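These notes are about the structure you will find just below.
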Amino acid sequence: MEQFLLLLIFAGTTCALSIVPETKCDAIQIIVSCAPVPGATVYIQLMTNATGYVLEFNKNLPGHDIKVFIVKNGKVKIRESYRNRTEFFIDTGTLKITDVEEDDAGQYTLKAYKPNGEFVQMLSFTLNVKGKDSRSIDISIPAVVGVLILILVGCVVWKLKPCRKTGYQTLN
Ligand SMILES: *[C@@H]1O[C@H](CO)[C@@H](O)[C@H](O)[C@H]1NC(C)=O
Ligand SMILES: *[C@@H]1O[C@H](CO)[C@@H](O)[C@H](O)[C@H]1NC(C)=O
């Protein structure tokens with residue numbers, strides 16, 4: 001029984017830890033806002049197909065822009081501070097950010113050019129990162145606490161039984 005509960009809590013914890021929420025956003029025709037939770041993976045479609053374009057993707061801060069990535073000659077160059085958790089897929093025009101941080105929230109702008117430098121299009125969108133009260137945490141913590149309480153009760157009952165027996169024996 002104890003082993004089963006241990007297995008249960010192990011499985012439960014592993015399961016809760018492995019759920020990384022995924023958010024898909026379409027920046028081409030935004031209908032709802034793009035709002036992943038912190039720690040989530042977000043896919044943002046910026047173009048249907050970016051093959052053959054020169055791209056510049058910036059985060060817009062008051063007074064200046066931060067260059068997040070550029071695409072030139074079919075090669076993606078990502079800013080150092082984003083490199084570990086950012087990918088841009090040219091053939092699907094999709095930006096993927098893993099482990100989204102609250103600092104990632106803000107406005108972003110994509111500019112697309114033809115290889116000869118001719119401006120093609122500009123697209124802006126806002127990324128909202130939801131507060132820390134993510135759903136996966138809401139669900140997993142009570143579940144883990146519940147199983148822990150079960151184990152505790154099981155242990156106490158298990159420990160009390162032999163005690164009571166020895167008590168009767170000494171009385172006899
Ligand atoms: C990216 O990952 C490498 C290896 O995991 C690490 O050494 C480096 O510090 C990371 N860079 C950033 C900006 O987080
Ligand atoms: C994007 O366009 C290129 C060139 O036109 C094409 O080879 C590629 O298959 C397209 N990718 C997708 C996902 O449609």
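In this text the structure is predicted, and so the values were computed from the model without any measurement. Whatever order the structure lists them in is the order used to number ligands and atoms, beginning at 1.
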| So, T51 side chain and N49 main chain: donor-acceptor pair closer than 3.5 Å or not? |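 Side chain of T51 to backbone of N49: no pair is present.
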Is there at least one protein heavy-atom neighbour under 4.0 Å from [atom]?
atom                    : answer
atom 2 (O) of ligand 2  : yes
atom 7 (O) of ligand 2  : no
atom 14 (O) of ligand 2 : yes

| Sub-3.5 Å N/O-N/O distance, T92 and ligand 2 | no
| query | Which residue holds the protein heavy atom closest to atom 11 (N) of ligand 2, what is that atom called, and what is the gap in Å? | reply | N49 ND2, 3.0 Å
| query | Tell me, which protein residue and heavy-atom name are nearest atom 4 (C) of ligand 2, and how many Å apart are they? | reply | T51 CG2, 3.8 Å
| request: With side-chain contact (heavy atoms from CB on, under 4.5 Å) as the test, would you mind laying out the steps for L95 and Q45 before giving the verdict? | output: CA-CA 6 Å; L95 174 69; Q45 179 142 35; over 6 Å; no
| query | Out of M122, K72, K67, which one pairs with E56 under the side-chain contact (heavy atoms from CB on, under 4.5 Å) rule? | reply |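 When side-chain contact (heavy atoms from CB on, under 4.5 Å) is applied between E56 and each of M122, K72, K67, only K67 qualifies.
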| query | Below 4.5 Å, heavy atoms only, C-beta onward: do Q107 and K59 meet side chain to side chain? | reply | no
| Do the charged groups of D65 and K111 touch, with an N to O distance under 4.0 Å? | no
